[in-house]
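Quick one: this structure, given as C-alpha coordinates, is what I'll be asking you about.
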Amino acid sequence: MPHILIYFLALLSLSTSPNWAKLNHMPVEVLGFYRLGIAALLLALWILAKKQLWKTQNNPPINWFSKATMWAIVSGFLFFLHLWTYKYAAKNTSISNTMIIFSSNPIWASIGAITFFGEKISKQLVFSYFLALLGVYILVAHEFNLASGINYGDWSAVISALFYAAYMLTGKKARHHFDNVNYALIQYATCAVFFGFCILGTEASITGYDLTSWLAVGGLVLLPTFLGHFSFTYLVKHMNLSIMICGKLIEPMLASIIAYFVFREKISPYAWVAFALTGASVLVLFAPVVFKKDKA
(Lines give C-alpha, C1' and ligand atoms only; values in the text may rest on other atoms or scores of the structure.)
Protein backbone atom coordinates (compact mmCIF):
# COMPACT_ATOMS: atom_id res chain seq x y z
CA MET A 1 0.00 0.00 0.00
CA PRO A 2 1.43 3.47 -0.89
CA HIS A 3 2.66 5.40 2.10
CA ILE A 4 0.17 8.21 1.52
CA LEU A 5 -2.76 5.79 1.89
CA ILE A 6 -1.28 4.30 5.08
CA TYR A 7 -0.90 7.83 6.41
CA PHE A 8 -4.55 8.79 5.88
CA LEU A 9 -5.75 5.44 7.27
CA ALA A 10 -3.63 6.17 10.37
CA LEU A 11 -5.15 9.66 10.72
CA LEU A 12 -8.68 8.27 10.49
CA SER A 13 -7.86 5.60 13.08
CA LEU A 14 -6.26 8.10 15.47
CA SER A 15 -9.32 10.36 15.25
CA THR A 16 -11.47 7.63 16.82
CA SER A 17 -9.48 7.78 20.08
CA PRO A 18 -11.54 10.43 21.97
CA ASN A 19 -14.75 8.66 21.02
CA TRP A 20 -13.53 5.30 22.36
CA ALA A 21 -12.30 7.10 25.49
CA LYS A 22 -15.73 8.68 25.96
CA LEU A 23 -17.35 5.23 25.88
CA ASN A 24 -14.87 3.89 28.44
CA HIS A 25 -15.51 4.19 32.19
CA MET A 26 -12.05 3.26 33.47
CA PRO A 27 -9.66 5.72 35.17
CA VAL A 28 -7.02 7.10 32.81
CA GLU A 29 -4.17 5.04 34.27
CA VAL A 30 -6.16 1.78 34.08
CA LEU A 31 -7.25 2.48 30.51
CA GLY A 32 -3.67 3.30 29.49
CA PHE A 33 -2.32 0.16 31.17
CA TYR A 34 -4.78 -2.15 29.42
CA ARG A 35 -4.54 -0.40 26.07
CA LEU A 36 -0.75 -0.44 25.84
CA GLY A 37 -0.30 -3.69 27.76
CA ILE A 38 -2.62 -5.65 25.47
CA ALA A 39 -0.99 -4.09 22.41
CA ALA A 40 2.48 -5.08 23.67
CA LEU A 41 1.32 -8.63 24.45
CA LEU A 42 -0.18 -9.08 20.97
CA LEU A 43 3.01 -7.80 19.34
CA ALA A 44 5.13 -10.13 21.49
CA LEU A 45 3.02 -13.13 20.44
CA TRP A 46 3.30 -12.10 16.79
CA ILE A 47 7.08 -11.71 16.99
CA LEU A 48 7.46 -15.05 18.77
CA ALA A 49 5.37 -16.75 16.09
CA LYS A 50 7.57 -15.21 13.41
CA LYS A 51 10.74 -16.00 15.42
CA GLN A 52 11.93 -12.40 15.10
CA LEU A 53 12.09 -11.53 18.80
CA TRP A 54 14.84 -9.19 19.96
CA LYS A 55 16.24 -8.49 16.52
CA THR A 56 17.36 -5.08 15.37
CA GLN A 57 16.87 -3.90 11.82
CA ASN A 58 20.27 -5.26 10.80
CA ASN A 59 19.38 -8.59 12.51
CA PRO A 60 21.87 -8.86 15.41
CA PRO A 61 20.23 -9.53 18.83
CA ILE A 62 19.18 -6.48 20.78
CA ASN A 63 21.74 -5.08 23.20
CA TRP A 64 19.63 -3.75 26.08
CA PHE A 65 22.34 -1.27 27.04
CA SER A 66 22.90 0.12 23.55
CA LYS A 67 22.00 3.66 22.55
CA ALA A 68 19.47 2.28 20.04
CA THR A 69 17.53 0.46 22.76
CA MET A 70 17.69 3.50 25.02
CA TRP A 71 16.12 5.63 22.26
CA ALA A 72 13.23 3.16 22.01
CA ILE A 73 12.69 3.08 25.78
CA VAL A 74 12.89 6.87 26.04
CA SER A 75 10.35 7.15 23.21
CA GLY A 76 7.98 4.85 25.12
CA PHE A 77 8.41 6.91 28.29
CA LEU A 78 7.73 10.15 26.40
CA PHE A 79 4.63 8.55 24.84
CA PHE A 80 3.40 7.77 28.37
CA LEU A 81 4.10 11.35 29.52
CA HIS A 82 2.24 12.73 26.49
CA LEU A 83 -0.84 10.57 27.14
CA TRP A 84 -0.88 11.33 30.87
CA THR A 85 -0.43 15.11 30.55
CA TYR A 86 -3.00 15.30 27.74
CA LYS A 87 -5.61 13.51 29.85
CA TYR A 88 -4.72 15.71 32.84
CA ALA A 89 -5.19 18.81 30.70
CA ALA A 90 -8.56 17.60 29.42
CA LYS A 91 -9.73 17.08 33.02
CA ASN A 92 -8.36 20.33 34.45
CA THR A 93 -9.12 22.86 31.74
CA SER A 94 -11.69 23.08 28.97
CA ILE A 95 -11.52 20.75 25.98
CA SER A 96 -11.29 23.86 23.81
CA ASN A 97 -8.23 25.13 25.68
CA THR A 98 -6.66 21.67 25.51
CA MET A 99 -7.19 21.36 21.75
CA ILE A 100 -5.92 24.79 20.78
CA ILE A 101 -2.88 24.73 23.09
CA PHE A 102 -1.93 21.18 22.10
CA SER A 103 -2.12 22.26 18.43
CA SER A 104 1.25 23.96 19.00
CA ASN A 105 2.94 20.53 18.76
CA PRO A 106 3.73 20.80 15.01
CA ILE A 107 5.86 23.85 15.74
CA TRP A 108 8.00 21.98 18.29
CA ALA A 109 8.19 18.87 16.08
CA SER A 110 9.29 20.92 13.08
CA ILE A 111 11.97 22.70 15.10
CA GLY A 112 13.26 19.32 16.24
CA ALA A 113 13.10 17.83 12.74
CA ILE A 114 15.10 20.75 11.35
CA THR A 115 17.62 20.68 14.21
CA PHE A 116 18.22 16.92 14.53
CA PHE A 117 17.34 15.49 11.10
CA GLY A 118 18.06 18.39 8.74
CA GLU A 119 14.53 18.43 7.32
CA LYS A 120 13.65 21.48 5.23
CA ILE A 121 10.51 23.56 5.69
CA SER A 122 8.98 24.59 2.36
CA LYS A 123 6.64 27.53 1.69
CA GLN A 124 3.97 24.97 0.90
CA LEU A 125 4.33 23.43 4.38
CA VAL A 126 4.26 26.84 6.09
CA PHE A 127 1.04 27.73 4.23
CA SER A 128 -0.48 24.38 5.19
CA TYR A 129 0.44 24.99 8.84
CA PHE A 130 -1.23 28.39 8.67
CA LEU A 131 -4.50 27.01 7.22
CA ALA A 132 -4.61 24.04 9.61
CA LEU A 133 -3.88 26.07 12.75
CA LEU A 134 -6.40 28.71 11.66
CA GLY A 135 -8.98 25.95 11.24
CA VAL A 136 -8.31 24.57 14.74
CA TYR A 137 -8.41 28.10 16.17
CA ILE A 138 -11.77 28.90 14.56
CA LEU A 139 -13.15 25.57 15.81
CA VAL A 140 -12.52 26.38 19.46
CA ALA A 141 -11.65 30.10 19.75
CA HIS A 142 -15.19 31.14 20.62
CA GLU A 143 -14.88 28.88 23.69
CA PHE A 144 -11.19 29.45 24.39
CA ASN A 145 -10.90 31.20 27.75
CA LEU A 146 -7.90 32.36 29.77
CA ALA A 147 -9.85 35.06 31.61
CA SER A 148 -9.01 33.57 34.98
CA GLY A 149 -5.37 33.12 34.08
CA ILE A 150 -3.39 30.11 32.90
CA ASN A 151 -4.05 27.13 35.19
CA TYR A 152 -2.31 23.80 35.66
CA GLY A 153 -4.49 22.21 32.98
CA ASP A 154 -3.39 24.79 30.39
CA TRP A 155 0.26 24.28 31.29
CA SER A 156 -0.27 20.54 31.07
CA ALA A 157 -1.53 20.95 27.49
CA VAL A 158 1.62 22.91 26.60
CA ILE A 159 3.82 20.23 28.18
CA SER A 160 1.84 17.48 26.43
CA ALA A 161 2.52 19.14 23.07
CA LEU A 162 6.24 19.19 23.87
CA PHE A 163 6.20 15.55 24.97
CA TYR A 164 4.35 14.51 21.79
CA ALA A 165 6.92 16.25 19.60
CA ALA A 166 9.76 14.65 21.59
CA TYR A 167 8.08 11.24 21.34
CA MET A 168 7.87 11.51 17.54
CA LEU A 169 11.47 12.72 17.24
CA THR A 170 12.93 9.99 19.46
CA GLY A 171 10.76 7.44 17.66
CA LYS A 172 12.24 8.53 14.33
CA LYS A 173 15.72 8.15 15.85
CA ALA A 174 14.94 4.66 17.22
CA ARG A 175 13.47 3.55 13.89
CA HIS A 176 16.91 3.98 12.33
CA HIS A 177 17.92 0.88 14.29
CA PHE A 178 14.77 -1.22 14.79
CA ASP A 179 12.12 -2.62 12.53
CA ASN A 180 8.70 -1.23 13.36
CA VAL A 181 7.36 -4.30 15.19
CA ASN A 182 10.23 -4.66 17.67
CA TYR A 183 10.38 -0.90 18.21
CA ALA A 184 6.62 -0.72 18.88
CA LEU A 185 6.87 -3.64 21.33
CA ILE A 186 9.53 -1.85 23.40
CA GLN A 187 7.60 1.43 23.21
CA TYR A 188 4.20 0.01 24.19
CA ALA A 189 5.64 -2.18 26.95
CA THR A 190 7.52 0.79 28.44
CA CYS A 191 4.36 2.90 28.33
CA ALA A 192 2.26 0.13 29.93
CA VAL A 193 4.79 -0.31 32.76
CA PHE A 194 4.61 3.37 33.69
CA PHE A 195 0.80 3.32 33.59
CA GLY A 196 1.09 0.29 35.89
CA PHE A 197 3.16 2.37 38.33
CA CYS A 198 0.40 5.00 38.24
CA ILE A 199 -2.17 2.33 39.16
CA LEU A 200 -0.04 1.32 42.15
CA GLY A 201 0.26 4.95 43.18
CA THR A 202 -3.46 5.69 42.94
CA GLU A 203 -4.63 2.22 44.04
CA ALA A 204 -7.17 2.25 41.20
CA SER A 205 -9.14 -0.95 40.63
CA ILE A 206 -8.19 -3.02 37.58
CA THR A 207 -11.38 -5.11 37.62
CA GLY A 208 -15.14 -4.61 37.83
CA TYR A 209 -15.73 -2.63 34.63
CA ASP A 210 -18.68 -3.04 32.28
CA LEU A 211 -18.70 -4.65 28.84
CA THR A 212 -18.80 -1.28 27.08
CA SER A 213 -15.52 -0.30 28.73
CA TRP A 214 -13.82 -3.52 27.61
CA LEU A 215 -15.14 -3.07 24.05
CA ALA A 216 -13.73 0.46 24.11
CA VAL A 217 -10.33 -0.94 25.20
CA GLY A 218 -10.46 -3.33 22.24
CA GLY A 219 -11.34 -0.47 19.91
CA LEU A 220 -8.45 1.63 21.23
CA VAL A 221 -6.00 -1.24 20.75
CA LEU A 222 -7.15 -2.03 17.20
CA LEU A 223 -7.69 1.44 15.75
CA PRO A 224 -5.74 4.29 17.43
CA THR A 225 -2.90 2.05 18.66
CA PHE A 226 -2.28 -0.45 15.85
CA LEU A 227 -3.75 1.25 12.77
CA GLY A 228 -2.87 4.70 14.15
CA HIS A 229 0.32 4.98 16.22
CA PHE A 230 1.84 1.76 14.85
CA SER A 231 1.40 3.05 11.28
CA PHE A 232 2.83 6.43 12.27
CA THR A 233 5.98 4.89 13.75
CA TYR A 234 6.37 2.90 10.53
CA LEU A 235 6.00 6.04 8.41
CA VAL A 236 8.46 8.24 10.35
CA LYS A 237 11.26 6.45 8.54
CA HIS A 238 9.69 7.04 5.13
CA MET A 239 8.03 10.47 5.29
CA ASN A 240 8.96 14.03 6.25
CA LEU A 241 8.11 14.36 9.96
CA SER A 242 6.98 17.98 9.67
CA ILE A 243 4.49 17.06 6.95
CA MET A 244 3.17 14.14 9.00
CA ILE A 245 2.61 16.32 12.07
CA CYS A 246 0.96 19.11 10.08
CA GLY A 247 -1.50 16.70 8.46
CA LYS A 248 -2.33 15.36 11.91
CA LEU A 249 -4.10 18.64 12.68
CA ILE A 250 -7.09 17.33 10.76
CA GLU A 251 -7.76 14.89 13.64
CA PRO A 252 -10.05 17.18 15.69
CA MET A 253 -12.26 17.64 12.63
CA LEU A 254 -12.47 13.91 11.93
CA ALA A 255 -13.15 13.21 15.61
CA SER A 256 -15.99 15.76 15.59
CA ILE A 257 -17.60 14.13 12.56
CA ILE A 258 -17.38 10.69 14.20
CA ALA A 259 -18.88 12.12 17.42
CA TYR A 260 -21.76 13.55 15.38
CA PHE A 261 -22.71 10.12 14.03
CA VAL A 262 -21.98 8.12 17.21
CA PHE A 263 -23.10 10.50 19.98
CA ARG A 264 -25.25 12.90 17.93
CA GLU A 265 -23.04 15.79 19.02
CA LYS A 266 -23.92 18.92 17.09
CA ILE A 267 -21.48 20.43 14.61
CA SER A 268 -21.48 24.22 14.89
CA PRO A 269 -21.11 26.68 11.99
CA TYR A 270 -17.61 27.39 13.32
CA ALA A 271 -16.79 23.71 12.85
CA TRP A 272 -17.84 23.71 9.19
CA VAL A 273 -15.55 26.67 8.49
CA ALA A 274 -12.76 24.91 10.39
CA PHE A 275 -13.34 21.71 8.39
CA ALA A 276 -13.02 23.65 5.13
CA LEU A 277 -9.76 25.33 6.20
CA THR A 278 -8.19 22.15 7.55
CA GLY A 279 -9.28 20.20 4.48
CA ALA A 280 -7.71 22.87 2.29
CA SER A 281 -4.47 22.63 4.27
CA VAL A 282 -4.31 18.88 3.66
CA LEU A 283 -4.96 19.38 -0.06
CA VAL A 284 -2.17 21.98 -0.26
CA LEU A 285 0.15 19.66 1.65
CA PHE A 286 -0.49 16.41 -0.22
CA ALA A 287 -1.74 17.35 -3.69
CA PRO A 288 1.81 17.27 -5.16
CA VAL A 289 2.30 13.80 -3.65
CA VAL A 290 -1.06 12.45 -4.82
CA PHE A 291 -0.53 13.56 -8.40
CA LYS A 292 2.90 12.05 -8.77
CA LYS A 293 4.47 8.74 -7.81
CA ASP A 294 4.98 8.28 -4.07
CA LYS A 295 8.74 8.46 -3.61
CA ALA A 296 8.70 7.75 0.10
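The structure presented is a predicted model; accordingly, all values stated were derived computationally and were not measured.
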**OP:** Might you point out which heavy atoms bring Glu29 and Thr202 nearest each other, and give the distance in Å?
**Re:**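 Scanning both residues, the minimum pair turns out to be OE2-OG1, 3.0 Å.
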
Indicate every side-chain donor-acceptor pair of residues 217-233 with a distance under 3.5 Å to a residue at least two apart or in another chain.
{"unit_1": "Thr225", "atom_1": "OG1", "unit_2": "Arg35", "atom_2": "NE", "d": "2.8"}
{"unit_1": "Thr225", "atom_1": "OG1", "unit_2": "Arg35", "atom_2": "NH2", "d": "3.4"}
{"unit_1": "Thr225", "atom_1": "OG1", "unit_2": "Leu220", "atom_2": "O", "d": "2.8"}
{"unit_1": "His229", "atom_1": "ND1", "unit_2": "Tyr167", "atom_2": "OH", "d": "3.4"}
{"unit_1": "Ser231", "atom_1": "OG", "unit_2": "Leu227", "atom_2": "O", "d": "2.9"}
{"unit_1": "Thr233", "atom_1": "OG1", "unit_2": "Asn180", "atom_2": "OD1", "d": "2.7"}
{"unit_1": "Thr233", "atom_1": "OG1", "unit_2": "His229", "atom_2": "O", "d": "3.3"}
{"unit_1": "Thr233", "atom_1": "OG1", "unit_2": "Phe230", "atom_2": "O", "d": "2.9"}

**OP:** Measure the CD1-OG1 distance between Ile159 and Thr85 for me, rounded to the nearest 0.5 Å.
**Re:**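 Here the interatomic distance stands at 7.0 Å.
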
Original post:
Can a cation-pi geometry be assigned to Lys172 and Phe117, taking NZ or CZ under 6.0 Å from the six-membered ring centre and within 45° of the ring axis?
Top reply: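 Positive - Lys172 is close enough to the ring of Phe117 and near enough to its axis.
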
Original post:
Which atom names give the shortest non-hydrogen contact between Gly37 and Ala192, and what distance separates them?
Top reply: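 Distance-wise, the nearest heavy atoms are N-CB, 3.6 Å.
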
Subject >> Residue Ile206 excluded, over 12 heavy atoms near CD1 under 6.0 Å >> reply: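 No, the 6.0 Å shell around CD1 holds no more than 12 heavy atoms from other groups.
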
**OP:** Write down the atom of Ala204, the atom of Pro27, and the distance for their closest heavy-atom approach.
**Re:**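 Between these two residues, the closest heavy atoms are CB-CG, 4.3 Å.
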
Subject >> Co-membership, hydrophobic cluster, residues Tyr164 and Tyr88, 4.5 Å side-chain >> reply: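 Per the 4.5 Å side-chain linkage, Tyr164 and Tyr88 are co-clustered.
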
Subject >> Tyr34/Trp214 aromatic ring centres below 6.0 Å >> reply: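 Between Trp214 and Tyr34, which both carry aromatic rings, the centre distance is below 6.0 Å.
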
Original post:
Counting only heavy atoms not in Phe127, do more than 12 sit closer than 6.0 Å to its CZ atom?
Top reply: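 At most 12 heavy atoms, drawn from other residues, nucleotides or ligands, come within 6.0 Å of this atom.
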
Original post:
OG of Ser156 to CG of Leu81: how many Å apart, nearest 0.5 Å?
Top reply: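 Reported to 0.5 Å precision, the distance equals 10.5 Å.
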
Original post:
Do the ring planes of His82 and Tyr86 sit parallel (below 30°), tilted (30 to 60°) or perpendicular (above 60°)?
Top reply: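 Answer is tilted, since the angle falls between 30° and 60°.
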
Original post:
When clusters are formed by joining ILVMFWY residues with side-chain heavy atoms under 4.5 Å apart, either directly or through shared neighbours, do Leu41 and Ile186 land in the same one?
Top reply: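 No; Ile186 is not reachable from Leu41 via cluster members.
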
Original post:
Any chance the rings of Tyr234 and His238 have centres within less than 6.0 Å?
Top reply: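 That pair passes the under 6.0 Å test.
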
Original post:
Where is the tightest heavy-atom contact between Ala40 and Ala189, given as atom of each residue plus distance?
Top reply: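 Minimum heavy-atom contact is CB-N, 3.8 Å.
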
Original post:
Shortest non-hydrogen contact from Ala109 to Ile245?
Top reply: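 Closest pair (atom of Ala109, atom of Ile245, distance): CB-CG1, 3.8 Å.
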
Original post:
Quick one: which of Leu5, Leu9, Leu11 gives a side chain to side chain contact (heavy atoms under 4.5 Å, CB included) with Tyr7?
Top reply: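 Among Leu5, Leu9, Leu11, the one that satisfies the side chain to side chain contact (heavy atoms under 4.5 Å, CB included) with Tyr7 is Leu11.
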
Original post:
Counting N and O atoms only, with roles assigned by atom type, does the side chain of Ser128 sit under 3.5 Å from a partner on the main chain of Ser281, one being a donor and the other an acceptor?
Top reply: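 Looks like yes, one N/O pair under 3.5 Å.
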
Original post:
Can you name the closest pair of heavy atoms from Asn24 and Met26 and give their distance?
Top reply: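 In terms of heavy atoms, the two residues are closest at OD1-N, 2.6 Å.
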
**OP:** Mind checking the CG-CG spacing from Leu162 to Leu78? Nearest 0.5 Å is all I need.
**Re:**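 Those atoms lie 10.5 Å apart.
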
Original post:
Taking the side chain from Gln124 and the backbone from Val284, do they hold a donor-acceptor pair closer than 3.5 Å?
Top reply: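 A pair under 3.5 Å: yes.
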
Subject >> Separation between NE2 of His3 and CE of Met244, rounded to the nearest 0.5 Å >> reply: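 Here the interatomic distance stands at 10.5 Å.
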
Original post:
Should Leu134 and Val273 be regarded as members of a common hydrophobic cluster, given that ILVMFWY residues are connected when their side-chain heavy atoms come within less than 4.5 Å of each other, either directly or indirectly?
Top reply: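 In one cluster: yes.
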
Original post:
Does a donor on one side chain sit under 3.5 Å from an acceptor on the other, for Thr16 and Asn19?
Top reply: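 No pair is found: no donor N or O on one side chain lies under 3.5 Å from an acceptor on the other.
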
**OP:** Decide if the gap between the ring center of Phe178 and the ring center of Tyr183 is smaller than 6.0 angstrom.
**Re:**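 No, they do not, as the ring centres are separated by 6.0 Å or more.
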
